[in-house]
Amino acid sequence: MNAHLQPTGSAYFLTQETQQTERHTLSVLVDNEPGILARVVGLFSARGYNIESLTVSETEHGRRLSRITVVVIATPKTLVQIKLQLERLVPVHRVHDLTAEGNYVERELALIKVKGTGDHRAETLRLADAFRAHIIDATVESFVFEVTGKPDKIDSFIALMTPLGLVEVVRTGLAAIGRGAEGM
Amino acid sequence: MAEKMTGAEMVIQALADQGVEHIFGYPGGAALPIYDAMFQQDFVQHILVRHEQGATHMAEGYARSTGKPGVVLVTSGPGATNAVTGLTDALMDSIPLVCITAQVPTTLIGTDGFQECDTVGITRSCTKHNYLVKDIKDLPRVLHEAFHIATTGRPGPVVVDIPKDIQFAVGEYYKPESETLRHASYRPRVDGDVKAIEAAVDLMLKAERPIFYTGGGVINAGPEASENLRELAELTGFPVTSTLMGLGAFPASNPQWMGMLGMHGTYEANLAMHDCDVMINIGARFDDRITGRVDAFSPNSRKIHVDIDPSSINKIVRVDIPIVGDCNRVLEEMIRIWRSKTNQPRTEAIAPWWKQIETWRAVGSLNFKNSDTVIKPQWAIQRLYEATKKQQKDVFITTEVGQHQMWAAQHFHFDKPNRWMTSGGLGTMGYGLPAAVGVQVAHPDALVIDIAGEASVQMTMQELSTAVQYRLPIKIFILNNERMGMVRQWQDLLHGSRYAHSYSESLPDFVKLAEAYGGKGIRCENPAELDAAIAEMLDYDGPVLFDVIVEKDENCLPMIPSGKPHNEIILPDTANIGSIIDEKGRALV
């Protein structure tokens, strides 16, 4: 155990975590029933786990299954607890720690609105092309781009757009899936 | 196969098909169709409570003492919110409950209707699972599934919220069948990994300072698990200690019994936990009242942990051999594997360990200075225990929460499982009286005693009226020190004896109160009269409120103070507990 006692001014034997936190992507297969998202999110808030990103949508309509992709930042010990606690939920079928299992791909989609005219507009288009962003709406003074990729690619595109007239951004959160022929 | 009936009738039929004989409830607008359906049948007997919290604790007492699920029926809104404390209590202590809550009609949901509340939202975090039934087609499946989920795996409370229009709707009911219960995602693991069990037995076979640390999981695994624990203890010759929740799984009269461990556990149990080389945790969860300082918890032992809930393993304390499975099945396997390797207990190898334990035992950590002028609470419990031993009846004990609870755990001894009902995890004051009612409903001929404090008992006092209504002869044994004794003790320990609101300036006359409810009241303050007064209580055929006036400032010892490891336990001869905890420890509970 690496926990030790700290005089925190709070109740109980509080322990200070000395383990380093890690960022992990979990894939959670659940029954698509009312309240399932509240159950999962409630578990995170009740037990004090941090959610970085959460994506949920029905993936198998016939079997009424949804896939939740959740990115968490936690110590290795807490990561194990998060997985086990999720598995305790009755409508949860399986939980995979994709980061721990190693071999997976992840993507995120962002819609990015940029306002500008003249040189800025031309530079915006040039960069968008370099990032393979699609124009999905345009006016004489603005664009809405659709860009897909790993979160850090989207981060850099947003950083480049900021001085060029970035208005607003909406991101879907991460979707992730294991590589190879095997399913979850 | 399928039979047409209303949702309300389905509820009653499902209860009957699940073998439910008693339910604890309180009617209200949204629940009326179910009550009407109940009125027209004889199988399920309804116990009318005085407050929904009482219903949940009764169901807990009922469940804990029988091994069957406890069933609660309440109305929407306040009916459901009042049940929350008992649901949380059942979740913390892994008690199987099915709580049926009525809801406003589906068309009114979300409109802030009269007596509407978001029951599934409110109870999501205090149940093992919950359901809002919005379609009559789902109702039979949900009802049967609720029982399945409540009673299997790690047991717990399940809420089924049924809107009033669904209670009136007509649909097809079907009986519980394994087919309908083959749940897609809920599959608790019950058989432990044989390789892990073998590794555990190998470790046990080499142990020189072993200890069994058992918990509520052994009780939950059924009476056979307790039998198997006894057998394994006999086969190995190892000492056995238990958490508060596990008392009774191993007989207190057995010489291998060490007493309870933890914050108010015995010196020998805690020191043995600290110094052991192999710890065999069966159905306990390394609760913070057990471990004390986690980094100083049993520093030199290899740990085996048997638990049906995978998330209990490595949650608090890192263990060497985790075994996920039902305690009974794992115990059976351990016995089988042990037998296949040897026929001898490790008597010789662990003789020095037992010798060490005997020196700790000789300290007499549960001793107290008795008095012939004032009744000592510990002595009162000892006298009660002696008196009940002479009874022909089966004896069941419930408690409230606080000093009296710990004294009961220390000084009342149990030789059988399911005889001890207490609120361990949540620590719910007000648990004991209604729990006693629930136990007495399940065991009408037994002697059921709530060992209480005068503060706790007032939290659910009104359920005495329920006991009177159903002629349930529960005995409420109040250790009255006119204080919230445990709070007062902590204020002595940590807050310079500044007694902020921890004493009772206005107490009811419990004798008159008992009479007002239609029960019997007895008061005793003279040690010389205690035995006779206890006999009078036990002889009375009806509910008794027994007010024992005890020493006001007695401390509950031994005690592992906050911020200290097990081997720095405070023993009873310590005069001034106020000087024991340092600045660092004061911040902790």
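All chains are named by letter (A, B, ...) in the order of the sequence lines, taking the proteins before the strands, and each is independently numbered beginning at 1.
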Q: Could you tell me whether B:Arg189 atom CZ has more than 12 heavy atoms of other residues or ligands within 6.0 Å of it?
A: no
Q. Who wins among A:Arg88, A:Gln85, A:Glu33, A:Lys83 for the most heavy-atom pairs under 4.5 Å with chain B?
A. A:Arg88
Q | Pairs where residues 91-132 of chain A contributes a residue and the test ring-ring contact (aromatic ring centres under 6.0 Å, His included) is met, not counting sequence neighbours | A | A:Phe131-A:Phe157
Q. Is the number of heavy atoms from other residues, nucleotides or ligands under 6.0 Å of A:Asp152 CG greater than 12?
A. yes
**Q.** Approximate separation, where rounding is to 0.5 Å, of A:Leu89 CG and B:Arg124 CZ
**A.** 10.5 Å
Q. Which one, A:Pro91, A:Pro34, A:Gly35, leads in non-hydrogen pairs under 4.5 Å with chain B?
A. A:Pro91
Q. If you count the non-hydrogen atoms of other residues, nucleotides and ligands that lie under 6.0 Å from NZ in A:Lys153, is the total more than 12?
A. yes
**Q.** chain A contact via B:Leu132 - which portion, at a heavy-atom distance below 4.5 Å
**A.** neither
Sequence neighbours left out, cut at 3.5 Å: what donor-acceptor pairs do the side chains of residues 162-171 of chain A make with other protein atoms?
{"residue": "A:Thr162", "atom": "OG1", "partner": "A:Ile158", "partner atom": "O", "Å": "2.7"}
{"residue": "A:Glu168", "atom": "OE2", "partner": "A:Lys113", "partner atom": "NZ", "Å": "3.4"}
{"residue": "A:Arg171", "atom": "NE", "partner": "A:Glu108", "partner atom": "OE2", "Å": "3.1"}
{"residue": "A:Arg171", "atom": "NH1", "partner": "A:Asp155", "partner atom": "OD1", "Å": "2.7"}
{"residue": "A:Arg171", "atom": "NH2", "partner": "A:Glu108", "partner atom": "OE1", "Å": "3.0"}
{"residue": "A:Arg171", "atom": "NH2", "partner": "A:Pro151", "partner atom": "O", "Å": "3.4"}
{"residue": "A:Arg171", "atom": "NH2", "partner": "A:Asp155", "partner atom": "OD1", "Å": "3.2"}

Q. Do you know which of B:Ala184, B:Ser125, B:Gly153 has the most heavy-atom pairs with chain A at a distance under 4.5 angstrom?
A. B:Ala184
Q) Of A:Leu65, A:Asp31, A:Leu29, which is the lone residue that meets side chain to side chain contact (heavy atoms under 4.5 Å, CB included) with B:Ser185? A) A:Asp31
Q.
Taking atom CG as the centre, does A:Leu111 end up with more than 12 heavy-atom neighbours from other residues, nucleotides or ligands that are less than 6.0 angstrom away?
A. yes
Q: Count the heavy-atom pairs under 4.5 Å between each of A:Leu84, A:Val92, A:Val90 and chain B, then report the option with the highest count.
A: A:Val90
**Q.** Portion of B:Arg154 that has a non-hydrogen atom of chain A nearer than 4.5 angstrom
**A.** side chain
Q. At what distance, to the nearest 0.5 angstrom, does CZ of A:Arg39 lie from CG of B:Asn130?
A. 4.5 Å
(Q) Shorter than 4.5 Å, heavy atoms on both sides: which option in B:Ile149, B:Asp309, B:Asn314 has the most such pairs with chain A? (A) B:Asp309
